[in-house]
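Have a look at the structure below before the remarks.
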Protein chains: 2
Amino acid sequence: MKQITVYDIAKEAKVSVATVSRVLNDTAPVRASTREKIEAIMQKYQFQPNANARSLLKKETGIIGIILPDITNPFFPEVFSGAEQEGRESGHTFFLCNTTGLHDKESEFLTIMQEKRVDGILFMGGRINLKDCHPALIQEVVEHSQKIPMVLVNGNLKDSGITRVVTDEYAGTVLGVKHLIEIGHTKIGFIGGESHMSTTAVKLRAFKKTLKDAGLAVREDWILPDSFSVESGRTQMEVLLNRKDRPTAVCCVNDFTAIGAIKAAVEQGVRVPEDISIVGFDDIPLAHHVIPELTTVSQQANQLGRTAVKVLRELMNKEKIKKIYSLEPELIVRQSTRLIIE
Amino acid sequence: MKQITVYDIAKEAKVSVATVSRVLNDTAPVRASTREKIEAIMQKYQFQPNANARSLLKKETGIIGIILPDITNPFFPEVFSGAEQEGRESGHTFFLCNTTGLHDKESEFLTIMQEKRVDGILFMGGRINLKDCHPALIQEVVEHSQKIPMVLVNGNLKDSGITRVVTDEYAGTVLGVKHLIEIGHTKIGFIGGESHMSTTAVKLRAFKKTLKDAGLAVREDWILPDSFSVESGRTQMEVLLNRKDRPTAVCCVNDFTAIGAIKAAVEQGVRVPEDISIVGFDDIPLAHHVIPELTTVSQQANQLGRTAVKVLRELMNKEKIKKIYSLEPELIVRQSTRLIIE
DNA sequence: GCTGCGGTTGAAATCCGTTTCATAAGCAAC
DNA sequence: GTTGCTTATGAAACGGATTTCAACCGCAGC
């Protein structure tokens, strides 16, 4: 079935394509009778202008590209949701690329987005947040960001010149640890997170600093990074519980690991929060549905997505903007932590 | 910064654009020396062909559009993941639209995808699965499906002529209910699901039929549809538990509601599975991380996504295909159900 | 009757690739 | 030397919109 074009419409209406375009976009006055005639014909053929042709000329696609490491982690759908809500305001739609940990997909997707001429990119990369990320790779991302407006979401690329929207993970971790200290804990462990990722590094730094500031000992043997998965939280918690000398509270790198940790505890007959307190990070939707409900630090994922798009839009409009936008995380106290009773 | 085009490359290489295009796509032999010269120049300017221009001519975008009701429900990211894995094989990338229950967004997104000339659409609609969906709306979707290859994922539009990929929800529910019966339950309730959605209707039908076939009574007062959320499972379970005469097992419309139901039970001091057995539907990743681990019917979400793309691709290639592909769900017995002990 | 102006409209250029058709060059065969 | 064939290349058309520039119409004002 042949696609209807403005030419077909113009021909049937006995006008020029320019006029058709004008009624399509309402960009110049058209006599009412002409307009109606054209509109009727468009209606009749169910005319739908070809966005590719339009983009070609306007150099604008109305598309925002999103690159993220794992759509299966509920944190990201939440960010996406926020981004989409905000994108609606400006009529943007989304191109989604999920790298699923395949780091080399990142460059591939960046290239594809370039070619498709998306209006902007929201980058929630995995690879570039490796502590030992190869400079050439960073260089590549930076180069892309110079061609297309790009916002790094929760990325750590400090001096890249790329605009960033982040939650203050350091401050968030401090919040969580302080909470544990305030309710009387002195023996606190840390579970989860790939140790070569910068998130993990930041959180661990905050964790140790807070303990020291409170005059508490940092027990390296209670610090068990691994990965970000539920399984990881479970196995590391098992390790921790099998120690003769064990902490009365643990801080987890994210909610997934916290949920795994709770599971491990329950399986070993260790009660949460009576015997051990656990705090997570992210506040994924399920955090307040697990048993016990998880005390955690909210990243405000939805808000993060919204802000990122808002900032990206400013960037696209070439407005002067700050280089970094930081959202304050928030401590959500629920049931997985409680006052220590010696 | 001006975009580099094939013309720029051609000019600098002192060849015609046709030749440049030929090395770009390897569509005709080019003298080795010429090819190298052109490639060097492309490299130098980091040339990236404009996909819009290409699509305009080739009538092919390499994009698959996905429309889904709620990206925040872990079932959908899982489907998306599968779709993306499969799409990679054929070099397809994805355009994602999340209707978040706003039914009128569906038509809007369909229109946008039409205009963007996506190669195909994966439709996991909400609205069209309403039992009392307005015929005009269905008509609209059908019309779209005639212009662009479209696959309905888990949709119920029986005689629309649109190709469907579904999990057999009826059979799945039977599996769940039979399991409960086999382990000795005779008093079984049903929780969750918007009653005007077809999924709910199908599952309820299977539920009642299975009970009848086993010679058990169908107690309408134990059937409590509501919505698909965790909260819904929680509140409906509370209602159920407050009855004097209550079931010993419940079948939930999905894992979300099952998780909510477990939560409600635990809060009331009712033990799962000792006092009441619960089975879910979907097998979201968290199903085996909650406590107790959830017995559920797996929809094989990832597989569903993969199959849908596979079928869509056949459709795009105009191959002859079946009108419906049905995936067999699978019962996953974990900890939330167990032998009844009178 | 002529000038000027605002509202409408059309012709043609443009965006950036791909593809067709024709031409040119190089070489073997007669 | 001419014919015939293969391989390499270019000119120009094409896809489907938007936009610029100029022209045209009708009418008020002088």
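All of these numbers come straight from a predicted model, not from anything done at the bench. All chains are named by letter (A, B, ...) in the order of the sequence lines, taking the proteins before the strands, and each is independently numbered beginning at 1.
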Atom NZ of A:Lys116 and atom P of C:dC15: how far apart are they, to the nearest Å?
22 Å
Specify the separation, in whole Å, of atom NZ of B:Lys11 and atom P of C:dG17.
15 Å
Any side-chain donor-acceptor pair under 3.5 Å between A:Glu78 and A:Gln299?
no
Starting from P on C:dC16, measure out to CG on A:Asn50 and report it in whole angstrom.
16 Å
Quick check: on DNA chain D, is the nucleotide nearest B:Ala28 upstream (toward 5') of the one nearest A:Lys58, or the reverse? Name the residue that is more 5'.
B:Ala28
Contact check, side chains of A:Met197 and A:Leu130, non-hydrogen atoms, under 4.5 Å
yes
Which of these, A:Val6, A:Ile38, A:Ile41, sits in a side-chain contact (heavy atoms from CB on, under 4.5 Å) with A:Phe47?
A:Val6
At under 4.0 Å, does any side-chain N or O of B:Lys59 touch on OP1 or OP2 of D:dG16?
yes
Could you give the CG-to-C1' distance, from B:Asp26 to C:dT18, as a whole number of Å?
15 Å
Separation of B:Leu56 atom CG from C:dT14 atom P, in whole Å?
17 Å
Have a look at B:Met150 and tell me which of B:Leu122, B:Leu312, B:Val141, B:Leu315 forms a side-chain contact (heavy atoms from CB on, under 4.5 Å) with it.
B:Val141
Between B:Thr19 and D:dT9, is there a contact of a side-chain N or O with OP1 or OP2 at under 4.0 Å?
no
Closest non-hydrogen atom pair, B:Leu24 against B:Arg54
CD2-NH2, 4.1 Å
Can you establish whether the number of heavy atoms outside A:Lys323 located under 6.0 Å from its atom NZ is more than 12?
yes
Taken to the nearest whole Å, NZ/A:Lys37 to C1'/C:dT8 is 12 Å
Under 3.5 Å, is there a donor-acceptor pair between the A:Gln43 and A:Glu39 side chains?
no
How about A:Tyr45 and A:Glu12: do any of their side-chain heavy atoms sit closer than 4.5 Å?
yes
Round to a whole Å and report the spacing from CZ of A:Arg117 to P of D:dA17.
20 Å
Is the backbone of B:Thr5 close enough, under 3.5 Å, to the side chain of B:Asp8 for a donor and an acceptor to pair up by distance?
yes
Base, sugar-phosphate alone, or nothing: which one does B:Asn52 contact when heavy atoms must sit under 4.0 Å apart?
nothing
Give one of base, sugar-phosphate or nothing for B:Ile4, where a contact means two heavy atoms less than 4.0 Å apart.
sugar-phosphate
Below 4.0 Å: OP1/OP2 of D:dG16 and any side-chain N or O of A:Thr5
no
Euclidean distance, atom CD of residue B:Glu60 to atom P of C:dG17 [Å, nearest integer]
17 Å
Identify the pairs formed between an N or O of the protein and an N or O of nucleotides 11-13 of chain C at a distance under 3.5 Å, and give each distance.
none

A:Glu89/A:Arg313 ion pair, N-O < 4.0 Å:
no
Would you classify B:Val15 as touching base, sugar-phosphate or nothing, given that sugar-phosphate means primed atoms plus P, OP1 and OP2, and contacts are heavy atoms under 4.0 Å?
sugar-phosphate
Short N/O separations, protein against nucleotides 6-8 of chain D, under 3.5 angstrom:
from	atom 1	to	atom 2	distance (Å)
D:dA8	O3'	B:Arg31	NH2	3.4

